[in-house]
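The chains referred to below are lettered A, B, ... by the order of the sequence lines, with proteins before strands, and numbering in each begins at 1.
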There are 2 protein chains.
Amino acid sequence: MTENIENILTQKDINPTAMRLLVLDFLLKQTAAISLTDLEKGLDPSDRITLYRALKKFEEKGLVHSIDDGSGATKYALCENDCEAGHHHDLHVHFYCNTCKETSCLPKHHIPQIALPEGFKSEEVNLIVKGVCNKCVR
Amino acid sequence: MTENIENILTQKDINPTAMRLLVLDFLLKQTAAISLTDLEKGLDPSDRITLYRALKKFEEKGLVHSIDDGSGATKYALCENDCEAGHHHDLHVHFYCNTCKETSCLPKHHIPQIALPEGFKSEEVNLIVKGVCNKCVR
DNA sequence: AATGACAGCGCAATAGCATTGCAAACTAGC
DNA sequence: GCTAGTTTGCAATGCTATTGCGCTGTCATT
């Protein structure tokens, strides 16, 4: 069981330490993107800085991607399989629910091509839709 | 001359104080969206808090809109004419230049409709394109 | 088995940003 | 001129990201 998680790390060239296994395990259980504070609360007696560095390492190695949803805190979520170190493919839409404050990925919804004016070169696109998610709507 | 600026404020139901005239005047001179810190530096011997509250007031009254470009600092830019108090129409794309760190509005590029999954309700869309702007590209 | 290099971890500390409370200064209406 | 309400400036708070440093455990080499 833990073998699985460990494999994920080693495949991404990340040393599987106890702390990192915990973090990855926690991430795998999430349905939405989580902030550093969420992670800290989820893994109670843990140091915030250590978790921060674990996430940074994961991001650097292409295991998670970070999302800035405008809530002030950076959110993190596991990447799709096709991400590589330093070369993210997270060109999908993120959804921020104004009610439950959860940020989730909508990987099926690709970001449409934006026609930029002459001389502009696009390197990255960030599309956040805010509203009410399917759990909060009624 | 100052008459003009004053009129803009009164039309938006904002008391035209000296400070606010200065802020609006500064905003009118900008080609890109500016952060609070930019504003503070541009109007040198001014209190950051006062400027912050001026911008808040402007935003509340529909004179400027705020943009979170992921740089950590909120940027502000004047609205188009069709904005009203509490009811913004800033559904245009924002461009963040990774080189000069400037954020500009691309009002001609409307945000395409995003088809959300069942049960999701969109209230606001935030589309930031990052790359190199026409001044920095070569 | 001892040693040394190194990675990871936890604590402390820093810096930048948004935001609020409070008291002084100012403005407008009476 | 006086009072009420608005605006301003200072101080302070809280949250976030980020870095430095020393301790600890691990692993390889001798």
B:Lys57 atom NZ is separated from D:dG5 atom P, nearest whole Å, by 15 Å
Once you measure the plane-to-plane angle for A:His94 and A:His65, does it fall in the parallel (<30°), tilted (30-60°) or perpendicular (>60°) bin?
tilted
Checklist entry - If you look at every strand shown and take non-hydrogen atoms under 4.0 Å, does B:Ser35 touch a base, only sugar-phosphate, or nothing? => result nothing
When rounded to whole Å, the CG to C1' distance for the pair A:Asn15 and D:dT24 reads 16 Å
Does the side chain of A:Phe58 reach to within under 4.5 Å of the side chain of A:Arg20, using non-hydrogen atoms?
yes
Among D:dT16, D:dG9, C:dG8, the one nearest any side-chain atom of A:Thr17 is C:dG8
To the nearest angstrom, the CG-P distance between A:Leu51 and C:dC11 comes to 12 Å
Atom CG of A:Leu39 and atom P of D:dC15 are separated, to the nearest Å, by 18 Å
Can you find a side-chain donor-acceptor pair between A:Asn15 and A:Thr17 that sits under 3.5 Å?
no
Atom CG of A:Leu21 and atom C1' of C:dA7 are separated, to the nearest Å, by 15 Å
List, with names and distances, any nitrogen or oxygen atoms from the protein found under 3.5 Å away from nitrogen or oxygen atoms belonging to nucleotides 18-23 of chain D.
| unit_1 | atom_1 | unit_2 | atom_2 | d |
| --- | --- | --- | --- | --- |
| D:dT18 | OP2 | A:Tyr52 | OH | 2.5 |
| D:dT18 | OP2 | A:Lys56 | NZ | 3.3 |
| D:dT18 | O5' | A:Tyr52 | OH | 2.9 |
| D:dG20 | O6 | A:Arg53 | NH2 | 3.4 |

Closest non-hydrogen contact found for A:Phe26 with A:Ile34 is CE2-CD1, 3.6 Å
Checklist entry - Between A:Thr74 and D:dA17, is there a side-chain N or O to OP1/OP2 distance below 4.0 Å? => result yes
Rounded to whole Å, CG of B:Asp47 lies from P of C:dA23 at a distance of 17 Å
Rounded to whole Å, the CD1-C1' distance (B:Ile67 to C:dA18) equals 17 Å
* To do: Carefully, step by step, assess A:Lys121 and A:Glu123 under the rule salt bridge (Lys or Arg N to Asp or Glu O under 4.0 Å).
  => CA-CA 6 Å; A:Lys121 199 159 136 292; A:Glu123 291 174 349; 3.7 Å; yes
- prompt: Between B:Asp69 and B:Thr103, does any side-chain donor sit less than 3.5 Å from a side-chain acceptor?
  reply: yes
note: A:Glu40, atom CD; C:dC11, atom P; distance rounded to Å ~ 11 Å
Within a 6.0 Å radius of atom NZ on A:Lys41, are there more than 12 heavy atoms belonging to other residues, nucleotides or ligands?
no
